[in-house]
Each structure stands twice: as C-alpha cells, then as structure tokens.
Amino acid sequence: MTQRRFLVTAALPYSNGRLHVGHIAGAYLPADTYVRYLRSTGADVRFICGSDDNGVAALKTAKEQGRSVEELTASYNAAQARDFAGLRIEFDIYGGTHQPEYVRVHERFSQDFFLKINAKGLFTKKSSKQLFDTQVNQFLPDRFVRGTCPFCKSDRAYGDQCENCGRAMDQTALLNPLSLMTQSTPVLRKTIHWYLRLDRMQSKLSEWLASKKDIAASGASWRSTVLNQSLGRIEAEGLPERAMTRDLTWGVPVPLDDPDAKGKSLYVWFDAPIGYVSFTAALCEKNGEGADAYAHWWKDTNCKIVHFIGEDNIVFHAITWPAMMLATHDSNDTQGVSGEYQLPHNVVANSFLNIKFPGQEEQKISKSRGMAVWIEDYLQQFDADPLRYYLTAVAPENARTAFDFDDFVSRNNGELLNAFGNFFNRTITFAHKYFDGKVPQRGTLEAVDVEQLNRCKVAVDRTGAELEACHFKGALAEVMALARSGNGYFDVTKPFLSRKTDMAACGRGINICLQTARTLTTLVAPFLPTIGENCARMLQLGEGWQRWSRACEAIADGQALGAAVILVKKLETTDLIADPH
RNA sequence: GGCGGCGUAGCUCAGUUGGUUAGAGCGUGGGAUUCAUAACCCCAAGGUCUCCGGUUCGAACCCGGACGCCGCUACCA
C-alpha cells in the first residue's frame, strides 16, 4: 500500500489579538489531533498555519494602540505562536502573510494567483461609488461609517446593517453618513476594482459540493453544516461577482501595470488562503526541498488537502477559495489534474464556543467585553492536556457548546483523572508493589482476559474510524470507554485479592491491565500528547509506540516498568481564573 | 425577508440505508470493594425523543405545519 499523503491547514488567525479557548476549540485543536493521528498511521503530513496580517482591521487596531502595523502584527504573531506551542499544537510552520520572513514569498504566490486568474479572463474590472473620507484620504469600510437608516430612520445604522431594524443595506444608501475615523462627513467617490467571476464557476462548484454529500464516493466525511450552508447559499442567491481588490496600502499590492491599480491591495480574503500555499513553499524551502516542492502538496492528485476552520469561515473555504483555485485551472477537471491546484478533500468546520462563568448566564465569547479565557492566562496556571481534553470532550462539532468552568473541573477530575489517570496509576503502582516493577507472566488466558484483549482491539478500530471521519468527540469517547473497561476488568479480576491466594491469576490480571494501558497509550496520544508520552514512559515503550498498528502489540513478560507518575492533577474550583476580566 | 441549524433522561450530549425493552457521561438513590490522586465497580430510579398532522405494517429518524432558540445573509478576519 502506498503511503497516504495529507496537507492539513488550520485557519490563519488574524494578528490583531490574542488567542482564546474558542479559537482553539474551533480549528486548531481538532487539526492538531487529526495530524497526530494521521502520522501515527504512517501518513506523510504537513501541517500549515500562520497569521493573517493584511487587511484594514490590523490597521485599525494599530492606530488604536498607537503602534505601527508591522510591530503590532509581529507581536501578535509571536504571541500566537507561543500559545500554540504551549498547548502543543505543533505546526510544521507558523508563517504570517506580512511577517518579514514570509512576506516576499507570500506576495509572489498571491500575485501569481491574481495574474493567472486575470490571464484566464475571470476578473471583471469595473467602477463603483464608495464613501471616501477626505481628511484621511481613504475609502471607508462599511463598519467605519455610521448614519441614519433609510428604512426605519434610526440613527444607529452602520454601512452594512441597521442596528435598530436589522436590515442590510449598501453604505451608499445611508442617510447623513459620518466617518467614524474622523467624525467628518464622507463624500461619494468613484473607485475601480477587480471582481472575481464567481458566477462563471457556480455550476462547477455546486456539482463539486453536491458530490461531497456521498461520503462513500468522495472518501471524505464532510459535515452536513458545511455542505448545507454552502449549497444553500448558492441555490438561494447564486454567486455574483465579488471584488477581490481594495483601496488600501497595507496588503499585497495589485500586480498590474495599470494606473487604476495604483494604491490598491488584494482583498484580505483573497490573499489569506493563499497563505496556506506560500507557507508550504516557505517550509519546503526551509527543508531544502527546492522552490517547486510545494507542488508535491498542492498540485498532486495523490495528496489530500484538509482545511480546519471555524463556522465563520465556511463560505470562504467551501466556495470562494475553491473558486479561486478553479479559476487557475487550464483543464476542465473540477478537482484539477496533476500540476493544477487541487480542490480541498475536506473542509472541517466547528461551530463557535460560548462561555459560562460561574454564577453567570452562558454567553458569547467577547474580546471587547473581556468575556474570554485567554490561552496565555490559562497556561500560566495549568497544563495543556486538561484543556485539550475538555475542549475535545465538549467540541462544538454539531452545534454550539459552552466552555463552563465548573464543567471543566468536573470533567478533569471525574473523567480524565478518575477514569483514565486512575486506571494507569492503580495498575502501575500494583505492578511495582507486588511484581517488582516488572510485567508479570501472562500465563494461560481465561475467557474474561480474552474479552478484555478483544475490547482493546475493538477500541483501536472504533477510535480510528471516528478519527478518519473527523469525529473527535466520538473518538475520545471510545478511548475513555476503554479506560473504563480497564477499571471494570480490574475490579472483576480482583488482583488485590488473588495476590494472597493465587499469584499466577494475580499476575495474569495485571498483565492484561498493562496490555490495556499499552493500547490506551497509543490511542490517547493524538488527543493528549504529554499524557501519552508519560504513559509510554511508565510502560517503558520503545520508539514508534505511537504507531496505530502497534497499539495492541503484546507487552513482554518480565519487561521493566518505569516509575509511576501522576498523569492528571486534581483541580479545585478555586484554582480557576474565575475573574472574567 | 431568504438560507441554514438546533429542540432526546435533572444536566451535557450520542443516536439515518425507519424495526425487538431509545443510549453514554455527570448528578441522584442503593449495594459492593480496598490495588489506586477517597479514586474504582455493580444495580436502580428517571424520557408522551418540543407540539400537531401525514406517509408506513411500523417514525426520535421521512414529509408538511406550528412554537421556541440560534447562526449566516460576503467591502468591518
């Protein structure tokens, strides 16, 4: 069997803020778990991420904080990289679309993309009128202009939507517009932009998405929310042309020798997904694999591209980004033939995570109101794995869920510690106490032992199947079920009694418990890497213990065991950062 | 308005080629046990699967409708 190959990406975080638990639960943790699992099956994988530095939002934040945008994005890029490392979310590369090391390669790829699409005639150049602030010499994004709603006459309307009646509108329809940058009255001015002909790719995209409904045929478990939302959008509204340039100097310059392109940048949503490609190229270069090695991942029909994102990114990753790649194709093949950009194998989206502070109602995570649990703060007090466990256990895979402080403590203590940690602890300490720290003789198995070994095999298959389908919550539940079965087996075979009457039976029981622990070690590692390593150390497993195919490999009689270590610490509610600010 | 999602035990949620007594964890009640970070194990109670109608021999599941909650609706990641 040939080696499977995957290019896995996690959404580029915008580099004007810190990371909180919602970001992690949405895209990064499931992606990291998936990558660790794939590698354990022997697949060749590259795991790509980096910050999204371009666009007007970074400029706005920089202005508010009185820093240069370069400094701002560099500092948040570094902070995000630290947070990921602290959680053991380990990308092969963490780039940044405007970071000094990556900006050149990123501009090159983005501009090549733009030029290729332009050459294929899939842009329309046309003019429109937009509000312009003459004091700062800048066109105003919708949210930067406020005025009176043309429908309900409320004065709480922004350029995109009225806060009072909720109706959406065009910014030019706003009465008495006011620039929020300078409080001055903006003027209407003509501007020219390049529009991507999404309408020309609509039918292909629609067929492509529809083909993903059949899991067996497409070989990928697309979540129905991703398909329904994307297909629903196309069917309901069709795909109009969308502007892919902006009047902005912070970003990737529009690469055209055209006076109309002067002072314009690519739309941040155009260049951001290309970051996945440019960072891959940077990684290949870093590895000394040459300038064209990225094509091995992006333009090879044998490589599967999987994007992990939050629900807010669905239409961009399931429609716009595939459309961009499609627009570069010379062939008529929707997926793309070898040598062309390959459309994603899967786009895995989670819903948002709400938050519930003790004594308060569940609410949306909010940066501005301080209603968030920041990774930086969390890591000052706790280890990565308890958070990884909790965020996987309550993962918003089908619907929104909430980070609840009390629930976090109770799941850590009641599930991870009492079920999983305790099973290892009682098994290892027993072996040290009564078998000199060595794996006791297995001897002749009885039905109850065979059953337990069989549970291990079944757990490996089930956990693997769930992970292949990106059902992380269900996969973790299978692992925990095996840990619980280990506790059940321990209680049924009662080695603490047989040690006084029948050492052979006692040893057999502990041997089977250690064997269960060995399987658990491999199964838990993609979810909880540090705990997995500690398990492996206690069992003194050699190199390659992560290999999925070796999860049930027999642990040898007489093998020495490592010292028992505490896998999971007990948490008190008072340990928590309960202050929402 | 349009599109999409959700509504299953006290709580958090699983649950599709529609089919015997609807599942798990936590919580509660009872029992058992001592190897273990007083952890574990067993048993039990607890559900008109939001409501109404339809299709069907049979519906939590399919269809129509109602009610409630939520998201998206692309220049602000």
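Hydrogens, waters and symmetry mates play no part in the numbers below; they use all other heavy atoms, side chains included. A, B, ... follow the sequence lines: proteins, then strands. Residue 1 opens every chain.
- Remark: B/U73 base-pairs with B/G1; criterion is Watson-Crick or G-U wobble with both hydrogen-bond distances under 3.5 Å.
- Using a 4.0 Å cut-off between charged side-chain N and carboxylate O, A/Lys125 and A/Asp260 make a salt bridge.
- Using a 4.0 Å heavy-atom cutoff across all strands shown, A/Lys364 reaches sugar-phosphate atoms only and no base atom.
- We find that A/Asp385 and A/Lys569 are not joined by a salt bridge, their nearest charged nitrogen and carboxylate oxygen being 4.0 Å or further apart.
- Side-chain atoms of A/Gln130 and base atoms of B/C75 include a donor and an acceptor less than 3.5 Å apart.
- Candidate nucleotides B/C76, B/A74, B/A77 were compared by shortest atom distance to the side chain of A/Phe144, and B/C76 ranks first.
- Of the N and O atoms on the side chains of A/Thr245 and A/His193, at least one donor lies less than 3.5 Å from an acceptor on the other residue.
- Across B/C63 and B/U16, the matching C1' atoms stand 15 Å from one another, rounded to whole Å.
- Nucleotide B/G19 forms a Watson-Crick or G-U wobble pair with B/C57, both donor-acceptor distances falling under 3.5 Å.
- Phosphate proximity of B/C42 to A/Tyr489: absent, as no side-chain N or O sits under 4.0 Å from OP1 or OP2.
- Across all strands shown, A/Val56 has heavy atoms under 4.0 Å from sugar-phosphate atoms exclusively, and none from any base.
- Rounding to whole angstrom units, CD1 of residue A/Ile365 and P of B/C70 are separated by 17 Å.
- In this structure, A/Lys264 atom NZ and B/C75 atom P are separated by 17 Å, rounded to whole Å.
- With a 3.5 Å ceiling on both atom-pair distances, B/C35 lacks any Watson-Crick or G-U wobble partner.
- Under the Watson-Crick and G-U wobble criteria, each requiring two contacts below 3.5 Å, nucleotide B/C51 is paired to B/G65.
- At a threshold of 4.5 Å between non-hydrogen side-chain atoms, the residues A/Asn354 and A/Ile365 do not count as touching.
- The side chain of A/Arg484 sits closest to B/G25 out of B/G25, B/C75, B/A74.
- Residue-environment remark: CZ (A/Arg18) exceeds the threshold of 12 foreign heavy atoms within 6.0 Å.
- Between A/Pro186 and A/Phe144, the closest side-chain pair of non-hydrogen atoms is not below 4.5 Å.
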Legend entry - Heavy-atom protein contacts under 4.0 Å, nucleotides 33-38 of chain B, coded B base, S sugar-phosphate only, - none: SSBBB-
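- B/A77 and B/G64 are spaced 40 Å apart, taking the C1' atom of each and rounding to whole Å.
- Residue contacts for A/Lys60: at a heavy-atom cut-off of 4.0 Å it reaches no nucleic acid atom on any strand shown.
- With C1' as the reference atom, B/C35 and B/G18 are 48 Å apart, rounded to whole Å.
- Comparing the C1' positions of B/U28 and B/C62 gives a spacing of 38 Å, expressed to the nearest Å.
- Contact annotation for A/Thr401: backbone-only contact, meaning every heavy-atom pair under 4.0 Å involves sugar-phosphate atoms and none involves a base.
- If you check every strand for non-hydrogen atoms under 4.0 Å, A/Ile234 touches nothing.
- Nucleotide B/C26 has B/G10 as its partner under the Watson-Crick or G-U criteria, with both atom distances under 3.5 Å.
- Comparing the P positions of B/U17 and B/U55 gives a spacing of 24 Å, expressed to the nearest Å.
- Of the candidates B/A14, B/U12, B/A77, the closest approach to any side-chain atom of A/Asn398 belongs to B/A14.
- Among the atoms of the strands shown, only primed sugar atoms or phosphate atoms (P, OP1, OP2) are found under 4.0 Å from some heavy atom of A/Pro141.
- Between B/G46 and B/U21, the two C1' atoms lie 16 Å apart (nearest whole Å).
- Under 3.5 Å, the side chains of A/Ser51 and A/Gln80 contain no donor-acceptor pair of N or O atoms.
- Rounded to a whole angstrom, the distance from the P atom of B/U50 to that of B/U8 is 6 Å.
- Nucleic acid contact for A/Arg246: sugar-phosphate only, since backbone atoms but no base atoms lie under 4.0 Å from a heavy atom of the residue.
- Using C1' as the reference atom, B/G47 and B/A22 are 9 Å apart when rounded to the nearest Å.
- A salt bridge is absent between A/Glu466 and A/Lys473; no separation between the charged side-chain nitrogens and carboxylate oxygens falls under 4.0 Å.
- The shortest non-hydrogen separation linking A/Cys513 to A/Phe490 is SG-CD1, 3.6 Å.
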